[in-house]
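Letters A, B, ... are given to chains in the order of the sequence lines, protein chains preceding strands, and every chain is numbered from 1. Worth saying up front: this structure is predicted, and the values here are computed from it rather than measured.
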Amino acid sequence: MNIKLLKQESPCRWRMEKYGPMRVDALFFGNKDIILELDDTTVSQVRDVASLPGVVGQVCAMPDAHSGYGFPIGGVGAFDEKHGVISAGGVGFDISCGVRTLTTGLKKQDLITCDAKLADLLFKRIPSGAGVGGDIILEGDQLDEMLLGGASWAVGQGVGKPEDLGRIEGNGRNNFADPCKVPLKAKQRMRNQMGSLGSGNHYLEVQYVEEIYDKAKAAAFGIGIDDVVVSIHCGSRGLGHQIAKDYLPMMAKAAPGFGIKLPHKDIACAPINSELGRDYLGAMGAGINCALANRQAITHLVRECFTDTLPQADLRLLYDVSHNTCHREEFKINGKKKNLWVHRKGATRALGPGHPELPREFKKHGQPVIIGGSMGTASYILSGTKDSAEISFSSCCHGAGRVMSRAKARKNFKGNKIQKELGRHGIIIRTGSFKGIAEEAPLAYKDVDMIIESTQTAGIAEKVARLRPILCIKG
DNA sequence: ATGTCC
């Protein structure tokens, strides 16, 4: 982008003062290279969000920002609860897509002789791929019960341990969920998809802790050097997708009736206090619960796989955090505490130390923030900062961020070659789709290390540990 | 992201 449009506030913080239809400023995070490479669509999408009714504070673009449907991926927009809007495009198609990381009590040496066997078993037991379902079938009322209860429903079914729930954003359940507002078709698509990974950038990785940046925080999070961990990156499968697909046109159609002039046809939204806004909120909350239940169900399958191969393992949930959500949260605007609807699309919640929503063990150091890298590259565990409440509505980046379209990646890379290449670096890939592997090639993404450095320099999260993949199950 | 175009 044209850097002259921005005022550099600090090495990785750049302010665009509001102009034209913008109601608030925009804040871009990243080093100079990242800012220079932001494409025009992403920037204009940030300006569109800053032009919506009831937007407050500043709209943020994370270092991994790129263009999305209407609303940028890596974007944060907060709206006043009286006059603001809720946007289906501001949450994204994969509602509550997120990452959870489990500790195992194992060291990387424990896996040397059985990594391939573990990879085969995980690939066999955990359904992956587009449109692929699993053995869990939700019949009759079970689907609505899942949509209402989230991960806590799953634990009630014997899927996982009660202590998992305290380690999930919102204790594993979204209170705004209203299954009645979820389109029937969305429910039908989900009946056989519980406990499945999906495709695209979703994965299940067994990783080890390669580096620790903050010993005290790492100890509080329960991780040490060479520890084996498991990370699960997935979302609400066909259900979330169908909710977005159905609500987007409804919002676009209804906008003029609410007196909203949409800055772009794709950035559909409805007043949070309208019937349609509330309906979407109920459906989205159900979508969040679906994703939380899904990651819980997959966790259960992972535990079974470890019991079969490495029975000494003890899989405990470190944390589960989503990066496609809209939550009601309290922030100070012009010195006054206000309830806001915070959209985070491709942005991770990162609560700072002392935040009332954090479990006791994380109060001192801030929320564990899990950042999934692209396939074959590093992932990170960060911690939330106090300052991020003021700077970014307690949000930070969510991953590496694409630099190449899926189509372009398919042309440039061959899936089987990528698999072999990663194999030479000691990373086992199991997949049902070589096309998917090509689309997810490491070079189709920005350098995650650079994204993390910029995130830390911007002051919105701090490095705790770097994870390196041992094996990866790809959809 | 997605029964990868109802």
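Counting to the nearest Å, the P atom of dT4(B) and the NE2 atom of His202(A) are 16 Å from each other. Taking atom NE2 of residue His241(A) and atom P of nucleotide dT4(B), one finds them 9 Å apart after rounding to whole Å. Rounded to a whole Å, the CD atom of Gln188(A) is 18 Å from the P atom of dC6(B). If you measure from atom CZ of Arg406(A) to atom P of dT4(B), you get 14 Å, rounded to the nearest angstrom. Going from atom CD of Glu439(A) over to atom C1' of dT2(B) covers 12 Å, rounded to whole Å. Atom-to-atom, CG of Asn294(A) to P of dT2(B) comes out at 10 Å; the value is rounded to the nearest Å. Remark: P of dT4(B) and NZ of Lys474(A) are 18 Å apart, rounded to the nearest angstrom. Rounded to an integer number of Å, the gap from Leu239(A) CG to dT2(B) P is 12 Å.
OP1 and OP2 of dT4(B) both lie 4.0 Å or more from every side-chain N or O belonging to Ser199(A). Taking side-chain N and O atoms only, Lys185(A) has no distance below 4.0 Å to OP1 or OP2 of dC6(B). The shortest distance between the side-chain N/O atoms of Arg237(A) and the OP1/OP2 oxygens of dT2(B) is below 4.0 Å.
Taking the ring axis of Tyr319(A) as reference, the NZ or CZ atom of Arg167(A) does not stay both within 45° of it and closer than 6.0 Å to the ring centre.
The distance between the ring centers of His398(A) and His233(A) does not fall below 6.0 angstrom.
Using a 4.0 Å heavy-atom cutoff across all strands shown, Gly198(A) reaches sugar-phosphate atoms only and no base atom.
Applying the side chain to side chain donor-acceptor pair (under 3.5 Å) rule to Arg237(A) yields the partners Ser196(A); only residues at least two apart in sequence or on another chain are considered. In terms of the side chain to side chain donor-acceptor pair (under 3.5 Å) criterion, residue partners of Asp164(A) (sequence neighbours excluded) are, by chain and number, Gln296(A), Arg303(A).
Nearest-nucleotide positions on DNA chain B for Gly200(A) and Ala130(A) put Gly200(A) closer to the 5' end.
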